[in-house]
Structure formats: C-alpha cells, structure tokens
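These values consider heavy atoms only, across backbone and side chains, with no hydrogens, waters or symmetry-generated copies. Count residues from 1 along the sequence.
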Amino acid sequence: MSRRFLFLLGSSRPAGNTELLARRAAEQLPPDVEQRWISLAEHPLPEFEDLRHDSDHVRPTEGDAALLLDATLAATDLVIASPLYWYSLSTPVKRYLDHWSGWLRTPGLDFKATLAGRTLWGVTVLAHTEQEVADPLIGSLNNSAAYMGMRFGGVLLGNGSKPGDVLRDTDALARAKTFFAREAPLARFPYERADAPATR
C-alpha cells in the first residue's frame, strides 16, 4: 500500500507554530507520498455523545464527521499536529479522538482493525523550555496508538510562543528533516519517556 499522510491541524490559529513545524517535516516526504491537510477548526466535530450502553452508533454519511472518518480510514500515516494547551492536546483534537470511541462501536466499520498496523505521529510546539511538560500529550497519543494496535512514530517537539517563533528553533527544524524517515515501532503500554530509567 502506498503511503498516504493525513495531517490533522488542531490549533485555533491558522499557520501557527505547530502547523509551521509540521509543514517543515512534511517537506521531506518523497513526492509520491500523498498528503492531505485538514484543519479541525475549519471542520469542527459536534460534541461526542456516548451511546455505548443505549444503542449502536451510526456511520456519518455527510458533514465534517463523515469527512474526518473517511480521511482517517484512508490514511496509512496519521499526524496529529496539536499545540500544547494546558499540557495536553487541544480541544479539537481531543474531541476528534473522542469520536474514535463512537467509530469503534459503529457496526460494519471495523475501525480498530483498519487502523491496526498503521502509524500515528505527533507534532507540537510549546512555550516551555522543559520538554517534559509535553509528556501528558505524548502519553495520550502513544496510549491511543497502543490501544488501536497502531505504530507510534513519536512526537516532534518545537519551542515557540509568538507567531513564527518555531522557525528560530534550529534543533526542532533539524529534527523535522528526518522525523518521518524513522521506522515507527508498534506502540505499547505504558508510555515511557525515552530518557526515563528502565522499570523493574
């Protein structure tokens, strides 16, 4: 299967630092790799309604929910580009992941089986210099990938606050050049930072 990247932009600000960093990383993808970019602010999902104890979910056939579901199912590589908001994912991204719960319980959709083996990536920019504060965001993505049986490519981290700040983060721009070239392992529980001491 040829690779198809879906970039989901979770910022409320167009062309924000996280999107700029994601686009720098995407520039390194081979020209034959399909890229699709969707802003969750421009395609807002409704609040998720949990029906699991009442009735089955129904596959959306129109509107933003159908667009995002179909795009997700078609992607081999799913990139969550979310700024760090209160140390975790932005509201549009969290709402999108909440809808996974409904898609998992939609008869005939095989959402989990379809995504299994595909790759989840993350891109985020934070104002802090201590990158450890992004651990909750990274853990959320890793654990979501693990639950789905997906690979997890990790999270490309950058630093910035004002518009365009990340373009001065030379370390992040250097990492962006090879970010998507890495082999992504299958995600596993629990998330551990790469520099954390080994558990016993």
Side-chain angles (χ1 to χ4, degrees), residues 1 3-10 18 21-22 25-26 29 33 36 38 40 45 48 50-53 57 59 65 68-126 131-158 175-176 178-200:
M1 177 186 294
R3 295 179 78 183
R4 295 187 297 274
F5 274 72
L6 173 62
F7 291 84
L8 292 173
L9 304 175
T18 298
L21 185 57
L29 290 170
V33 171
R36 185 173 186 184
I38 298 178
L40 294 175
L45 287 165
F48 174 66
D50 189 351
L51 302 175
R52 62 184 147 171
H53 299 301
H57 288 265
R59 178 173 185 153
L68 287 163
L69 171 59
D70 292 343
T72 300
L73 292 173
T76 62
D77 294 79
L78 180 60
V79 184
I80 301 292
S82 171
L84 187 71
Y85 287 162
W86 283 106
Y87 311 105
S88 191
L89 298 161
S90 68
T91 297
V93 170
K94 180 60 171 63
R95 185 179 295 119
Y96 164 75
L97 292 176
D98 285 348
H99 276 264
W100 281 22
S101 297
W103 298 340
L104 281 165
R105 295 174 175 84
T106 301
L109 199 56
D110 295 327
F111 186 71
K112 188 172 184 178
T114 300
L115 265 61
R118 300 187 182 185
T119 305
L120 182 66
W121 308 83
V123 180
T124 191
V125 173
L126 51 150
Q131 294 189 340
E132 294 83 357
V133 300
D135 283 354
L137 179 150
I138 300 170
S140 180
L141 293 179
N142 173 86
N143 294 342
S144 297
Y147 179 78
M148 298 294 289
M150 300 177 73
R151 298 182 177 277
F152 183 56
V155 176
L156 176 61
L157 296 170
R175 290 191 299 270
T178 59
F179 182 62
F180 291 128
R182 299 175 302 117
E183 184 69 26
L186 280 173
R188 62 184 179 86
F189 295 113
Y191 161 69
E192 290 183 359
R193 291 181 53 228
D195 59 348
T199 55
R200 298 187 184 276

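Under the rule for a side-chain hydrogen bond (donor to acceptor under 3.5 Å, both in side chains), N143 has no partner lying at least two apart in sequence or in another chain. Under the rule for a ring-ring contact (aromatic ring centres under 6.0 Å, His included), F152 has no partner lying at least two apart in sequence or in another chain. With sequence neighbours excluded, no residue forms a side-chain hydrogen bond (donor to acceptor under 3.5 Å, both in side chains) with R188. Partners of K112 under the side-chain contact (heavy atoms from CB on, under 4.5 Å) rule, at least two apart in sequence or in another chain, are L104, Y147, M148. For T72, the side-chain hydrogen bond (donor to acceptor under 3.5 Å, both in side chains) partners two or more places apart in sequence, or in a different chain, are Y96. Every residue two or more places apart in sequence or in another chain that forms a side-chain contact (heavy atoms from CB on, under 4.5 Å) with R151 is listed here: T119, A184, L186.
Note that OG1 of T178 and CG of L156 are 9.0 Å apart. Values are rounded to the nearest 0.5 Å. Interatomic distance, CE of M150 versus CG of L115, reported as 4.5 Å (0.5 Å rounding). One finds the CG atom of L97 at 5.5 Å from the CD1 atom of I80 (value rounded to the nearest 0.5 Å).
Here the side chains of L73 and W103 are not in contact, with every heavy-atom distance at 4.5 Å or above. Taking the side chain as every heavy atom from C-beta outward, Y191 and D135 approach each other to under 4.5 Å. Side-chain contact check for L78 versus R118: every heavy-atom pair is 4.5 Å or farther apart. Using a 4.5 Å heavy-atom threshold, the side chains of L8 and V93 count as separate. A 4.5 Å side-chain heavy-atom check between R59 and D70 finds at least one atom pair inside the cut-off. Looking at F111 and T106, their side chains never come closer than 4.5 Å, going by heavy atoms from C-beta outward. Contact of the L137 side chain with the L126 side chain is not registered, since no non-hydrogen atoms from C-beta on lie closer than 4.5 Å.
When all heavy atoms are compared, the tightest approach of L120 to A145 is CD2-CB, 3.9 Å. What you find for F7 and A26 is that their closest heavy atoms are CZ-CB, 3.6 Å. Closest non-hydrogen pair, S90 versus Y85, comes out as CB-CD1, 3.2 Å. The heavy-atom pair separating G102 from F48 by the smallest distance is N-CE1, 3.5 Å. When all heavy atoms are compared, the tightest approach of R105 to P107 is O-CD, 3.4 Å. Residues I38 and A71 come closest through the heavy atom pair CD1-CB, 3.9 Å.
Here the options are S82, P136, P83, the test is side chain to side chain contact (heavy atoms under 4.5 Å, CB included), and the partner is L89; only S82 passes.
Of the possible polar contacts, none joining the T18 side chain to the T124 backbone as a donor-acceptor pair under 3.5 Å is found. In this structure, R182 contributes its side chain and F179 its backbone to a donor-acceptor pair below 3.5 Å. At least one donor-acceptor pair closer than 3.5 Å links the side chain of R175 to the backbone N or O of L157.
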Q. Would D77 and V33 count as a side chain to side chain contact (heavy atoms under 4.5 Å, CB included) if you check the C-alpha gap in whole Å, the side-chain angles of each, and the deciding distance to 0.1 Å?
A. CA-CA 10 Å; D77 294 79; V33 171; over 6 Å; no

